[in-house]
Student: 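Take a look at the following structure, please.
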Amino acid sequence: MSIVTSEPVPRKGILDIAAYVPGKEHAPGVAKVYKLSSNETPLGPSPSAIEAFKQAAEKLEIYPDGQAVALREAIATAYGLNAANIMCGNGSDELLGLLCHVYLGAGDEAIITQHGFLVYKIQIMGAGATAIEVAERDCTVDVDAILAAVTDKTKLVFIANPGNPTGTYVPVAEIRRLHAGLPKNVVLVLDAAYAEYVRKNDYEAGIELVSSNKNVVMCRTFSKVYGLAALRVGWMYAPAGILDALNRVRGPFNMNSAAIAAGAAAVRDQAFVDKAVEYNLLWQDKLVHAFTALGLKVTPSVTNFLLVHFPDVDGKRAPEADEFLTSRGYILRMVKGYGFPNALRMTIGPEEANRGVIEALGEFMTR
Ligand SMILES: *Cc1c(COP(=O)(O)O)cnc(C)c1O
């Protein structure tokens with residue numbers, strides 16, 4: 001028997017979801033504002049990507065290629081992959097959502113970690129499943145905690161490697177140990193949105209694990225180092241069986257033509273990526289030194305952002321620092337929702353913004 005209600009009622013669990021809140025972008029009354037809240041690159045995209053985007057405007061009446069072949073082939077060439085194992089999405093957000101849609105239902109569980117990316121939980125709950133959150137250790141994903149949380153209801157495990165907002169990473173040996181401990185029917189999702197920024201010998205984004213297993217996928221994005229956040233370009237490297245399932249529910253034209261063209265041009269310009277990574281490493285180092293000298297703690301980061309911890313002292317905590325920085329036009333990210341009530345996440349920005357934040361925090365700490 002169906003019960004008639006006075007208005008439409010969403011499926012059970014949907015209204016328990018806390019909607020994602022994007023990083024702030026305004027500082028009321030401040031003339032010059034630097035948005036350092038969403039891990040966008042200060043260098044923009046490759047000029048060739050902008051040119052490709054403009055050319056896409058000439059053919060707006062034509063449907064995009066539903067297979068995004070040009071983009072998948074360009075990615076495959078740049079990263080040494082098989083194009084048949086690549087799926088593109090409207091941002092990696094879409095791909096994370098498709099994985100939940102396909103592998104989760106009521107009664108299922110998916111594992112996320114204490115300071116994990118909030119999109120995972122939203123998509124898990126959206127699919128009607130339960131998100132099981134496990135502790136991290138020193139702001140880093142803890143493989144043993146994940147393995148201990150696996151039950152016969154577990155269908156997906158999400159880890160961001162490197163993590164956001166922590167900026168830390170898990171070495172490839174640990175990722176292999178995690179995979180080895182998971183049942184074969186559990187999909188391990190390696191979200192490597194910041195992989196290009198990492199310069200560590202013991203880090204791997206997950207390509208080899210995907211190639212040699214049926215239950216591992218790697219998600220990547222063009223929103224960060226490639227500077228195409230506005231266009232929403234994400235991609236996933238995955239085994240054939242998983243792609244086959246996802247392709248059955250994927251929107252047939254989920255990638256627009258401008259995103260395909262600009263993404264393909266961007267990924268061909270690896271010299272641009274190298275420059276962006278070099279710039280990032282330089283400022284990562286300078287900012288960590290400057291903040292540490294001010295008495296702030298910074299979680300060691302391999303990414304284009306820093307998690308800065310404030311003293312537990314009246315007038316010096318993160319919300320006050322956020323207010324102070326915002327009044328100067330520097331918009332960082334409050335990360336209370338990620339389990340860090342007394343920290344701010346700062347995206348490494350243009351030089352003048354980085355210098356400005358150092359100066360403003362110097363004032364804040366000594367005022
Ligand atoms: C920025 C980010 C993404 C990228 O999302 P898009 O939808 O591709 O813009 C994915 N995962 C994490 C952890 C991120 O920080």
Side-chain angles (χ1 to χ4, degrees), residues 19-23 25 35-42 45 49 68 71 75 86-101 110 112-124 126 131 133 136 139-141 156-170 175 188-198 203 205-206 217-238 250-251 254-256 259-260 262-263 266-267 276 280 299 301-307 332-333 335 337-340 345-348:
Y20 187 83
V21 182
E25 45 186 318
K35 183 176 182 243
L36 308 172
S37 58
S38 298
N39 299 343
E40 294 141 339
T41 173
L71 178 56
I75 293 168
I86 295 172
M87 177 187 278
C88 296
N90 191 246
S92 45
D93 285 350
E94 183 194 14
L95 301 167
L96 297 168
L98 282 173
L99 286 162
C100 291
H101 191 40
I112 57 176
T113 66
Q114 188 181 359
H115 306 298
F117 192 41
L118 291 174
V119 168
Y120 310 149
K121 188 171 184 179
I122 290 171
Q123 296 294 351
I124 292 163
E133 187 180 304
E136 295 193 9
C139 299
T140 307
V141 167
L156 292 175
V157 173
F158 285 99
I159 70 170
N161 195 27
N164 172 17
T166 57
T168 60
Y169 75 104
V170 182
I175 298 291
L188 174 60
V189 182
L190 301 172
D191 179 357
Y194 301 94
E196 286 83 2
Y197 286 112
V198 188
Y203 173 82
V217 305
M218 171 188 74
C219 292
R220 303 287 287 257
T221 186
F222 279 63
S223 300
K224 305 290 157 56
V225 78
Y226 289 103
L228 294 177
L231 288 183
R232 317 303 304 123
V233 185
W235 60 280
M236 178 168 58
Y237 189 51
R250 173 176 70 81
N254 64 329
M255 298 297 294
N256 69 72
I260 293 171
V267 80
N280 188 66
T299 301
S301 170
V302 294
T303 63
N304 68 332
F305 57 86
L306 299 171
L307 184 64
L332 277 63
R333 184 66 161 262
V335 281
Y338 288 90
F340 295 111
R345 189 192 68 194
M346 175 190 174
T347 307
I348 296 172

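This structure is a prediction, so every number in the text was calculated from the model and none was measured. Atoms within a ligand are numbered from 1 in the order they appear, just like the ligands themselves. Excluded from the calculations below are hydrogen atoms, water molecules and symmetry mates; all remaining heavy atoms, backbone and side chain alike, are included.
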Student: Extract all N/O-N/O pairs under 3.5 Å that connect ligand 1 to the protein, and present each with both atom names and the distance rounded to 0.1 Å.
Tutor:
residue, atom, partner, partner atom, Å
ligand 1, 5 (O), Ser92, OG, 3.2
ligand 1, 7 (O), Ser92, N, 3.1
ligand 1, 7 (O), Asp93, N, 3.0
ligand 1, 7 (O), Asp93, OD1, 3.3
ligand 1, 7 (O), Asp93, OD2, 3.4
ligand 1, 7 (O), Arg232, NH2, 2.6
ligand 1, 8 (O), Ser92, N, 2.7
ligand 1, 8 (O), Ser92, OG, 2.8
ligand 1, 8 (O), Thr221, OG1, 2.6
ligand 1, 9 (O), Ser223, OG, 2.6
ligand 1, 9 (O), Arg232, NH1, 2.9
ligand 1, 9 (O), Arg232, NH2, 3.1
ligand 1, 11 (N), Asp191, OD1, 3.3
ligand 1, 11 (N), Asp191, OD2, 2.6
ligand 1, 15 (O), Asn164, ND2, 2.7
ligand 1, 15 (O), Tyr194, OH, 2.6
ligand 1, 15 (O), Lys224, NZ, 3.2

Student: Between Arg345 and Asn164, is there a side-chain donor-acceptor contact under 3.5 Å, judged purely by atom types and distance?
Tutor: yes
Student: Measure from the side-chain N and O atoms of Thr347 to the backbone N and O of Leu36, and report whether any donor-acceptor pair falls under 3.5 Å.
Tutor: yes
Student: Please answer whether the main-chain N or O of Glu40 pairs with a side-chain N or O of Ser38 as donor and acceptor at a distance below 3.5 Å.
Tutor: no
Student: If you look at every heavy atom in Ile348 and Pro42, which pair is closest and at what distance?
Tutor: O-CD, 3.6 Å
Student: Look at Arg220 together with Glu196 and state whether they make a salt bridge at an N to O cut-off of under 4.0 Å.
Tutor: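 Answer for the salt bridge query: yes.
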Student: Will you find, in the side chains of Asn39 and Tyr194, an N or O donor that is under 3.5 Å from an N or O acceptor?
Tutor: yes
